[in-house]
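As C-alpha cells, the structure follows; a few thoughts come after it.
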Amino acid sequence: LKQKAEPIELLIASFEKEGSVVHGYRIPGKTFTAEEWKAMTEQDQLQILMEYRLAYCGYGEVNWCEALGTVLANDEVVNGVSERGGHPVIKKKLRQWYLRITEYADRLLGGLNQIDFSESMKEMQTNWIGKSIGAEIDFSLKGHNEKLRVYTTRPDTIFGVDFMVVAPELTLIEQITTPEQSVAVQEYIAYVKSRSERERMAEKKITGVFTGAYALNPFSGREIPVWISEYVLAGYGTGAIMAVPCGDERDFKFAKQFNISITNIIGGAFDGEAANPTRDAVLQESGFLNGLSMREAMDLVVKKLEETGSGNRKVNYKMRDAAFSRQRYWGEPFPIVWESGTAYALSDTQLPVNLPYVDSYGPGPEGEGPLANIQGWEAALQGSGNLLPLETNTMPGYAGSSWYFLRYMDPHNEQEFCSKTVSDYWGQVDLYVGGTEHAVGHLLYSRMWTKALYDLGFIGFEEPFKKLLNQGMIQGSSRFVYRITGTQTFVSKGLLNKEDEYEGKQTDKLHVDVQIVDGYELDLEAFRKWRNGEYVEAVFICENGTSLKAGEAVSGAVYLCGSEVEKMSKSKFNTVNPDDLVHKYGADTFRMYEMFLGPVELSKPWDTKGIEGVHRFLKKLWRLFYDETKGAIWTNEEPTEQELRILHKAIKKIDEDTERFSFNTAVSSFMICVNELSDMNSRKKKILEQLLVLLTPYAPHISEELWHALGNQESILDATFPLFEAKFLAETSKNYPVAVNGKTRSELTLAFDISSEEAEKLALADPAVQKWLEGKPPKKVIFVRNKMINIVV
RNA sequence: GCCCAGAUGGCGGAAUUGGUAGACGCGUCAGACUCAAAAUCUGGUAUUGGCAACAAUGUGCAGGUUCGAUUCCUGUUCUGGGCACCA
C-alpha cells in the first residue's frame with residue numbers, strides 16, 4: 001500500500017470496481033465484492049468507509065464525574081476524585097472522534113532524519129511511537145475453544161514461558177476463570193477499576209491474581225497458568241503477554257512475588273538473582289531450538305508458527321490513534337450531522353460551521369458537550385430539507401495548533417486555508433521555538449497534519465518545522481492545600497506525613513492561587529471567597545492543631561501551604577504578571593533581563609533578582625551618548641586602534657553567541673564592551689553607531705532612539721541587515737587545537753615535570769617531537785597549566 | 001514505574017572541541033563623592049589555614065578512562081518536563 005492519505009472518493013471508486021481490494025492489495029477488515037458493495041445500503045457503506053477514514057468515529061473511555069455532570073481531563077482528577085468538589089470519578093465509554101495517526105507512524109519516524117530537532121526530542125518521539133517487531137502467538141486454553149493471543153518481541157524465548165498475564169479489562173477473563181478463583185478475580189478487577197491510571201502507572205508493588213485457567217505451549221504442550229495483572233495494558237498489543245521470568249525483569253519480579261517456578265533457558269547467563277534480557281545467549285531446555293543462538297531462534301520460531309498456523313510475524317506501535325473530540329464548548333465544531341447513528345459530512349458550501357451563542361456553558365446530558373443543550377444546533381444536508389442534529393463534540397486545541405503557521409502565511413484568504421502559491425513561496429518554518437513539553441503532543445500532531453496536507457497536494461512540504469529550538473520554561477512557585485479525601489476539611493502542610501496523609505487519612509493535593517498565600521501562610525478568608533465561594537464551608541486544621549470553621553479565627557492558628565516549583569500555568573495558579581516590571585524598568589530592560597537569565601533551553605523559576613544590573617547597563621549605555629548637564633557628548637573623531645579593538649572583540653563574541661543562541665553570554669559581552677568604553681571615556685560616533693546596530697535585537701527601543709539621535713534618518717532595523725549578510729559571507733577559519741590521545745590533529749600535547757621555557761626547549765629538542773614536526777617550525781607553543789605544553793603546526 | 005533533561009560560590013550563571021574553574025550580573029563588605037540620601041565611581045569577595053607571600057581543598061554523590069575531567073564512561077541521589085506500566 002502507498003502509505004499516504006488519498007481522497008475518500010478514490011476508495012469508493014475502488015470498492016465499486018474491485019470490491020475490498022485496493023491498489024492490488026486485499027485490505028484488512030470486511031471482505032466484499034464490487035457487486036456486494038453496490039448492493040449495500042448507504043449506511044452500511046458509510047460504516048465500512050469509516051474504517052478507512054483519516055478522521056473516524058469510535059468509542060473511548062473518559063473520566064466521568066456524575067456529581068459535576070461533566071467529563072474531566074486527567075489533570076482535573078486527584079486521587080480518583082474531582083479536583084473541584086472532591087466527587088467520585090469513573091471511567092465511561094463515549095463515542096469519540098479519532099485521527100488515524102498510527103498510519104503515519106513509519107513516516108513520522110523516517111521524517112526525523114530530515115529535520116533539525118535535538119537528539120533528545122527525536123528520542124522522545126521515537127520512544128513514543130515505539131515501533132517494535134515481534135510476533136503474535138495463539139495459545140490454546142485447556143478445556144476451552146477460545147485461544148489466548150499474545151504479542152511478544154521475543155518469540156525465541158517461547159520455551160521459557162512460565163505463566164501468562166492478561167489485562168484485567170479483557171472480556172475473555174469471564175469465560176476462563178474457574179469457579180474456585182471467581183471471587184478472587186472479581187475482587188481484583190473491582191480493585192483495578194477503582195484505581196486511576198496515574199496510580200496504576202506509579203505503582204511499585206506487584207499485584208495480580210490467578211484465573212485458574214491454563215494455556216498450552218504450542219510447541220511443548222506444557223501447561224501454563226494464566227494470571228491477571230494491572231501491569232498488562234488492554235490497549236497495547238493483544239492485551240495479553242507470555243511471561244518469561246528468566247529474561248524479563250518484570251516477569252521475574254512477578255514470578256518471585258507469587259512463587260511461580262522459573263524455567264532457565266539460557267544456562268549460565270541466568271543467575272537466579274535477576275532476569276537477563278540478553279539476545280546473545282545460546283538456548284537450552286528449548287526443544288527444537290536447543291543449541292541455537294537467540295537471534296537464529298527468532299526467525300525459526302516465527303517460521304514454525306506460521307507453518308502451523310499458530311502465530312505470525314507482527315510489527316507493533318505503542319502509539320495509539322489521537323482522540324480528536326472534546327465534550328466542551330470552546331473548540332472548532334465538527335461539520336458533521338447525524339442520522340440514525342450514521343455520521344454525514346456537510347458539503348464545502350456549508351462551511352464554516354460557527355459556534356452558536358449560548359447563555360450557559362454547562363455540560364450536556366450523559367457526558368455530552370454543552371452544544372447538546374442548544375435548541376436548533378442542527379443543519380440540513382445539501383439537497384435535503386430535513387434538519388439533522390449537528391455533532392455536539394468540538395475539536396481539541398491541537399486542531400488549530402497543528403497548522404496555524406500555514407494560515408499565518410495567507411490570513412485573508414476566504415477560499416482556502418492557505419493557497420498553494422503562498423505556501424510554496426514561504427515554505428517550511430525555518431526556526432520554531434518551543435518547549436519540550438510539546439515533544440509528544442503538539443509537535444507530533446503537527447507533523448502528522450502536515451504530512452496529510454502534503455499527501456492531498458495542498459502544500460509542497462512534508463515536515464512543518466525545519467529546525468526546532470527548545471526553550472526552557474519559566475517556572476512558577478506553586479502553593480498547595482491538602483483536602484482530606486471525601487471531605488471539605490483542609491490540613492496544614494506540617495501535620496502531614498511523607499505520603500501527604502493525616503492521621504492515616506489520604507488527602508488530595510490541590511493548587512491554590514499564589515495571590516492568596518503570603519509566603520506559605522494561607523489567607524483563610526480570601527480562600528473562602530476564592531472561586532465564587534466554593535470553599536466557604538471549608539474547615540481548616542491549622543499548624544498548631546486548632547480546627548477552624550467558617551467565621552472562626554484564633555490568633556496563632558495559621559494554615560501553611562505546601563510548595564513546588566513547576567511550570568507556570570494558569571491552571572496551577574502560579575503565574576506572575578510582568579506589567580509592573582515593564583512599567584518600572586521599560587520593555588528593553590525586561591527583554592534583556594530575560595535573555596540574561598541563563599541559557600534559553602534551560603527551565604528556571606522566575607526571579608527578578610538582578611534585573612537592576614541590566615537596567616544599570618542600559619543607563620550606562622545612555623551615558624555614553626548623553627551627559628546630564630552637557631547633553632549630547634559624542635564626537636566625530638576617528639576611533640583609535642584600542643577603541644576599535646574593544647568594539648571588534650564585542651562584535652565577534654556577540655556574533656558567535658547569537659549564532660548559537662547563547663543570548664545570556666552575548667548580553668555579558670555588551671556589558672563588558674560598554675564598561676570598557678566608559679572607562680576610557682570613549683564617545684566616538686563611529687564606534688557608538690556600530691554598537692547600536694549590534695544591540696538592536698536585544699534592546700530595540702533604546703537602540704532606535706539613540707540611532708536617530710546620532711542623526712540617522714532611516715530605522716536602525718534597515719541598517720542592521722547588511723551586517724547579517726556580511727556574517728553569512730564571512731569565512732571563518734577554524735584553527736582550534738584538537739585533543740590528544742591518538743586522534744588526528746594539528747596539535748601535540750606533552751606532559752612535563754618541569755615548567756615553562758625549559759620545557760619548551762626540551763620538548764622541541766625531543767627526537768619524537770622533531771619527527772612529528774617534520775622539520776617545520778611550530779606555529780604556536782602553548783603552555784597549559786604549568787606542567788604541560790601544546791605545540792601547534 | 002517508564003522516557004527526556006538538569007545539578008558549578010551566598011544567588012542567576014560562564015568556561016564554544018578534554019587544557020589556568022568561577023567571565024558577566026546580583027548580593028555583600030570597604031572606600032570616594034554628599035550636610036545627608038539617592039544616583040554614580042573605585043576596590044575586595046569559592047572554602048579552609050595564614051598578617052602576608054602562599055598552601056590545601058573544590059563543579060550533586062561513588063567509581064572509571066586520561067599526563068590532565070565541570071566536560072567522556074558506569075552506577076547513584078535530588079530537581080524539572082512528558083507519560084499510555086508498551087511485554
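This one's a predicted model, so the numbers in the text were calculated from it and none came from an experiment. In what follows, every chain begins at residue 1, and chains take the letters A, B, ... in the order their sequences are listed.
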Mind calculating the distance between [atom1] ([X]) and [atom2] ([N]) to the nearest angstrom?
X      : N      : atom1 : atom2 : result
A:Y151 : B:rA87 : OH    : C1'   : 9 Å
A:I611 : B:rG27 : CD1   : P     : 12 Å
A:L624 : B:rC41 : CG    : C1'   : 15 Å
A:H438 : B:rA5  : NE2   : P     : 19 Å
A:K318 : B:rC86 : NZ    : P     : 7 Å
A:L444 : B:rC4  : CG    : P     : 16 Å
A:I474 : B:rG81 : CD1   : P     : 13 Å
A:L443 : B:rG81 : CG    : P     : 18 Å

Quick one about [Y] and [X] (side-chain donor to acceptor, distance below 3.5 Å, no hydrogens or angles considered), yes or no?
X      : Y      : result
A:T658 : A:Y698 : yes
A:T436 : A:N470 : no
A:N316 : A:S132 : no
A:E566 : A:S478 : yes
A:Q96  : A:S325 : yes

Which nucleotide in [options] has an atom nearest any side-chain atom of [X]:
X      : options                : value
A:N127 : B:rG82, B:rC4, B:rG80  : B:rC4
A:K567 : B:rA87, B:rG81, B:rA84 : B:rG81
A:N664 : B:rC3, B:rA15, B:rG13  : B:rG13
A:D679 : B:rA5, B:rA87, B:rU42  : B:rU42
A:W128 : B:rG81, B:rC83, B:rA5  : B:rC83
A:M671 : B:rC85, B:rC24, B:rC83 : B:rC24
A:R320 : B:rA87, B:rG80, B:rC86 : B:rC86
A:I672 : B:rA23, B:rC3, B:rC86  : B:rA23
A:L233 : B:rC86, B:rA87, B:rC3  : B:rC86
A:T436 : B:rG81, B:rC85, B:rC4  : B:rG81

Handout entry: NZ (A:K253) with more than 12 external heavy atoms under 6.0 Å
Key =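 No, not enclosed.
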Measuring only the [atom1] atom in each nucleotide, how far is [N] from [M]? A whole number of Å is fine.
N      : M      : atom1 : answer
B:rC86 : B:rA69 : P     : 39 Å
B:rA21 : B:rG60 : P     : 16 Å
B:rU79 : B:rC85 : P     : 23 Å
B:rU16 : B:rU71 : P     : 13 Å
B:rU8  : B:rG13 : P     : 8 Å
B:rC26 : B:rG43 : P     : 14 Å
B:rC29 : B:rG81 : C1'   : 40 Å
B:rU70 : B:rC61 : P     : 11 Å

Hey, does [X] reach any base, or is it just sugar-phosphate, or nothing, if we go heavy atoms under 4.0 Å?
X      : value
A:E601 : nothing
A:K253 : nothing
A:V565 : sugar-phosphate
A:E437 : sugar-phosphate
A:F670 : nothing
A:M319 : base

Exercise for the section: Mind telling me if B:rG9 is syn or anti? Syn here is a glycosidic angle within 90° of 0. Expected result: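 Syn.
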With the criterion being N/O to N/O and under 3.5 Å, what pairs connect the protein with nucleotides 6-12 of chain B, and how long is each?
| unit_1 | atom_1 | unit_2 | atom_2 | d |
| --- | --- | --- | --- | --- |
| B:rG12 | O2' | A:L597 | O | 2.7 |

Practice task
Treat a base pair as Watson-Crick or G-U wobble with both distances under 3.5 Å, then lay out RNA chain B in dot-bracket form, 5' to 3', with | for cross-strand pairs.
Solution key: (((((((..(((......[....)))((((((.......))))))((((....))))..(((((..]....))))))))))))....
Give the minimum heavy-atom separation between [X] and [Y], together with the two atoms involved.
X      : Y      : result
A:A699 : A:M592 : CB-SD, 4.4 Å
A:S229 : A:Y188 : CA-OH, 3.6 Å
A:F117 : A:Q125 : CE2-NE2, 4.5 Å

Exercise for the section: Quick one: do A:L581 and A:K584 satisfy side-chain contact (heavy atoms from CB on, under 4.5 Å)? Show the steps, please. Expected result: CA-CA 5 Å; A:L581 287 170; A:K584 186 169 175 193; 5.7 Å; no
Exercise for the section: Flag the pair A:E656 and A:R660 as a salt bridge only when some basic side-chain nitrogen lies within less than 4.0 angstrom of an acidic carboxylate oxygen. Expected result: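 The answer is no: the pair does not qualify as a salt bridge.
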Handout entry: Pairwise distance CZ(A:R447) to OG(A:S402) - rounded to 0.5 angstrom
Key =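 Here the rounded value is 12.5 Å.
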Practice task
Would you check, one step at a time, whether the test ring pair (Phe, Tyr, Trp, His ring centres under 6.0 Å) holds for A:F254 with A:Y231?
Solution key: CA-CA 10 Å; A:F254 194 91; A:Y231 82 88; 5.6 Å; yes
Problem - Whichever of A:S120 and A:Y317 has its nearest RNA chain B nucleotide further upstream toward 5' - result: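 Comparing both residues, the 5'-ward one is A:S120.
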Problem - Comparing A:S662 and A:M124 on RNA chain B - which has the more 5′ nearest nucleotide - result: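 It is A:M124, whose closest nucleotide lies nearer the 5' terminus.
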Taking N or O atoms only and anything under 3.5 Å, show me the protein contacts with nucleotides 38-40 of chain B, one pair per line.
| unit_1 | atom_1 | unit_2 | atom_2 | d |
| --- | --- | --- | --- | --- |
| B:rU40 | O3' | A:R623 | NH2 | 3.2 |

Problem - Within 45° cone of A:F480 ring axis and under 6.0 Å: A:K509 NZ or CZ - result: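 Ring-cation test returns yes.
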Practice task
Please answer whether the main-chain N or O of A:I115 pairs with a side-chain N or O of A:K122 as donor and acceptor at a distance below 3.5 Å.
Solution key: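 Looks like yes, one N/O pair under 3.5 Å.
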